[in-house]
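Counting from 1, the numbers follow the sequence of the chain as shown.
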Amino acid sequence: MIRLGLCCMFRDAPIKFVTTTATAISKMKRLDALAKLSRLCLTNADALHTALQFCADNGIGCFRVNSQILPIKTHPTCGYAVNDLPDGDEIIRRFQECGQFARTHQLRTCFHPDQFVVMNSPRLDVVEKSVLELEYQGQVAEWIGADVINIHGGGAYGDKPKALAEFARNLELLSPRVRSRLTVENDDKTYTPADLLPICNATGIPLVYDVHHHRCHPDALSVEQATKKALATWDREPMFHLSSPMDGWDGKKPERHHDFIDVSDFPDCWRRKQITVEVEAKAKEIAVEKLRMDLNNGKPESRWFVYLLRCADGSLYTGISNDVPRRLKQHNAGTASRYTRSRLPAVLVYQEIQASRSLALKRELAIKALSKQEKELLIRDPKPTGPRSH
């Protein structure tokens, strides 16, 4: 099953993340600045939870978290440690709640640090700043259970083999929690899949294959060959990137992203894979929904979920639905099930998506056959895709 991913923000949904500038913070007294930054972090934690709820409700399987989720966290003069903030413990708790929500709803989260993160720069200060940024995002990734922190290969600096060797060497500067989540992506100007695959195989860093970049900056590999080789670098669910050119493939700048995805740009060899495809399109959630319909021949996808409810007496009820929020309302209105009717209120504690009603029914039977203890374990640890261990 293909998991479509939404990148960072929304076009129409009223979900916003907030930030500030170093200039604004530098004009404030330090305690006032920390109080403001604390409020912004709390706001973004709540916005992330809302974003994940939107994804769960709309069949979006992955959400890319904005790099500024903790605003100006690593700025050289205005940066801060979370524990310095007045609400530091609460900030961590709310992000951890986001992680629990993502696990319960089988959502994937990831990061894609900004372009200034360059691990093979000849400038030591750039590498040091890159490590700080990756460590900050690794910290948040640990809170929310994100399993990918994706970066580009960096510059070639006139000698690709040397630059890639420096990239590999500087990976040793990263903590295990960052290294275990780190991935590298081919770009549209410098490093092709063929350039990066040897370093991926040598270091164990998976390749996020960007097919748009590959089409803009090709090598000897076909899309099918690059896909197969990229898949082999992953020890968890692979993640690929997809976008379409704004002015078509014959335009002057085919690397520029369109508002939507042309379904003909979706590689046929991806269609039957168990992969995450991040949709890099300017129309954001609208583009994801359109692509899903296009992949389903213009029809809205029929999504079925298996869910668990905890009843008022502590018992667990298993069911299926293609609209879990609506079904939960029916349960609590006493119109969905004789079992839950006498045990209200019922609370949703777990759900997972299935590709069809038939598969959902089979999974429902399998969960019903579990013991109460096994169901509780499923709720606590739904076995999301996670980073590899070392």
Side-chain angles (χ1 to χ4, degrees), residues 3-8 62-67 108-121 130-131 133-134 137-138 141 146-156 160 163-164 166-168 170-171 174 178-219 221-223 225-245 254-257 261 265-267 269-270 273 275-281 385 387-388:
R3 182 199 305 261
L4 296 181
L6 174 63
C7 298
C8 299
C62 180
F63 185 72
R64 181 192 295 177
V65 181
N66 190 298
S67 294
R108 194 178 194 183
T109 52
C110 63
F111 286 83
H112 194 355
D114 296 327
Q115 296 288 343
F116 66 78
V117 172
V118 182
M119 287 299 293
N120 66 348
S121 173
S130 298
V131 170
E133 185 69 14
L134 289 171
Q137 295 189 32
D147 71 333
V148 168
I149 302 174
N150 182 50
I151 62 175
H152 291 280
K160 278 188 180 181
L164 285 174
E166 192 68 18
F167 176 91
N170 286 339
L171 295 180
L174 300 172
V178 174
R179 179 70 183 267
S180 67
R181 293 171 165 86
L182 198 70
T183 62
V184 65
E185 173 189 350
N186 60 296
D187 61 77
D188 57 13
K189 297 195 184 320
T190 306
Y191 291 112
T192 68
D195 292 327
L196 294 176
L197 281 164
I199 205 76
C200 291
N201 292 326
T203 64
I205 301 298
L207 177 67
V208 171
Y209 175 44
D210 189 311
V211 68
H212 186 166
H213 288 169
H214 192 201
R215 287 162 173 160
C216 292
H217 185 40
D219 50 27
L221 297 174
S222 67
V223 170
Q225 290 170 329
T227 295
K228 183 177 180 180
K229 290 178 180 291
L231 288 171
T233 66
W234 285 86
D235 59 356
R236 51 200 186 273
E237 182 175 300
M239 178 178 289
F240 292 166
H241 287 179
L242 178 69
S243 47
S244 290
E255 68 275 9
R256 297 171 66 192
H257 291 186
I261 303 296
D265 290 330
F266 195 102
C269 61
W270 290 10
K273 305 296 184 186
I275 57 175
T276 297
V277 178
E278 285 199 286
V279 178
E280 298 189 322
T385 300
R388 62 186 178 280

* Measure the spacing between OG of Ser243 and CD of Glu278 and express it to the nearest 0.5 Å. => 11.0 Å
* Structure fact -> Separation between CD1 (Ile275) and SG (Cys62), nearest 0.5 Å, reads 12.0 Å
* Does the side chain of Leu164 come within less than 4.5 Å of Asn120's, by heavy atoms? -> no
* Sequence neighbours left out, what passes ring pair (Phe, Tyr, Trp, His ring centres under 6.0 Å) with Phe63? Give chain and number order. => Phe10
* To do: Decide yes or no for Asn201 and Lys229: does some side-chain heavy atom of the first lie under 4.5 Å from some side-chain heavy atom of the second?
  => no
* To do: May I ask you to test the Val131-Leu174 pair for a side-chain heavy-atom distance under 4.5 Å?
  => yes
* Can you measure from CD (Gln225) to SG (Cys269) and round to the nearest 0.5 angstrom? => 10.5 Å
* Asked: What are the two closest non-hydrogen atoms of Ser180 and Arg236, and how far apart are they?
  -> O-NH2, 3.5 Å
* Asked: Can any side-chain N or O of Asp219 pair as donor or acceptor with the backbone N or O of Ala194 at less than 3.5 Å?
  -> yes
* Results of ring pair (Phe, Tyr, Trp, His ring centres under 6.0 Å) for Trp234 - residues two or more places apart only -> none
* Structure fact -> To the nearest 0.5 Å, atom NE2 of His217 lies from atom CG of Asp187 at 6.0 Å
* Quick one: list whatever passes side chain to side chain donor-acceptor pair (under 3.5 Å) with Ser130, sequence neighbours left out. => none
* Structure fact -> For Glu133, the side chain to side chain donor-acceptor pair (under 3.5 Å) test, sequence neighbours excluded, returns Thr74, Gln137
* Do the non-hydrogen side-chain atoms of His241 and Val208 ever get within less than 4.5 Å of each other? -> yes
* To do: Determine the minimum heavy-atom distance between Arg108 and Thr276, stating which atoms define it.
  => NH1-OG1, 2.8 Å
* Taking all non-hydrogen atoms of both residues, which atom of Val178 and which atom of Leu134 are closest, and how far apart? -> CG2-O, 3.4 Å
* Asked: Of the non-hydrogen atoms in Val211 and Pro267, which two are nearest, and what is the gap between them?
  -> CG2-CG, 4.0 Å
* Qualifying residues under side chain to side chain donor-acceptor pair (under 3.5 Å), relative to Asp210, sequence neighbours excluded -> His213
* Closest approach of Ala168 and Thr203, non-hydrogen atoms and distance? -> CB-CG2, 3.9 Å
* **Interatomic distance, Leu242 atom CG to Ile261 atom CD1 [nearest 0.5 angstrom]** => 4.5 Å
* Glu255 and Lys189: side-chain contact (heavy atoms from CB on, under 4.5 Å), yes or no, with the steps? -> CA-CA 9 Å; Glu255 68 275 9; Lys189 297 195 184 320; 4.0 Å; yes
* Asked: Are Asn170 and Ser121 close enough that some pair of their side-chain heavy atoms sits under 4.5 Å apart?
  -> no
* Do Asp195 and Asn186 come close enough that some side-chain heavy atom pair is under 4.5 Å? -> no
* To do: Can you measure from CZ (Phe167) to CD1 (Ile151) and round to the nearest 0.5 angstrom?
  => 4.0 Å
* Asked: Would you find more than 12 non-hydrogen atoms of other residues, nucleotides or ligands less than 6.0 Å from Lys160 atom NZ?
  -> yes
* Check against side-chain contact (heavy atoms from CB on, under 4.5 Å), Tyr191 and Val184 -> CA-CA 10 Å; Tyr191 291 112; Val184 65; over 6 Å; no
* Audit row: Arg64, Glu280, salt bridge (Lys or Arg N to Asp or Glu O under 4.0 Å) steps and yes/no -> CA-CA 10 Å; Arg64 181 192 295 177; Glu280 298 189 322; 2.8 Å; yes
Could you tabulate the donor-acceptor pairs under 3.5 Å formed by side-chain atoms of residues 109-118, not counting sequence neighbours?
unit_1, atom_1, unit_2, atom_2, d
Thr109, OG1, Ala146, N, 3.4
His112, ND1, Asn150, O, 2.8
His112, NE2, Glu185, OE1, 3.1

* **His257 and His212, any side-chain heavy atoms less than 4.5 Å apart** => yes
* Minimum heavy-atom separation for Leu207 to Thr233, with atom names? -> N-OG1, 3.0 Å
* Asked: Parallel, tilted or perpendicular for Tyr209 and Trp270, by the 30°/60° rule?
  -> perpendicular
* Asked: Is the closest side-chain heavy-atom distance between Arg215 and Asp188 below 4.5 Å?
  -> no
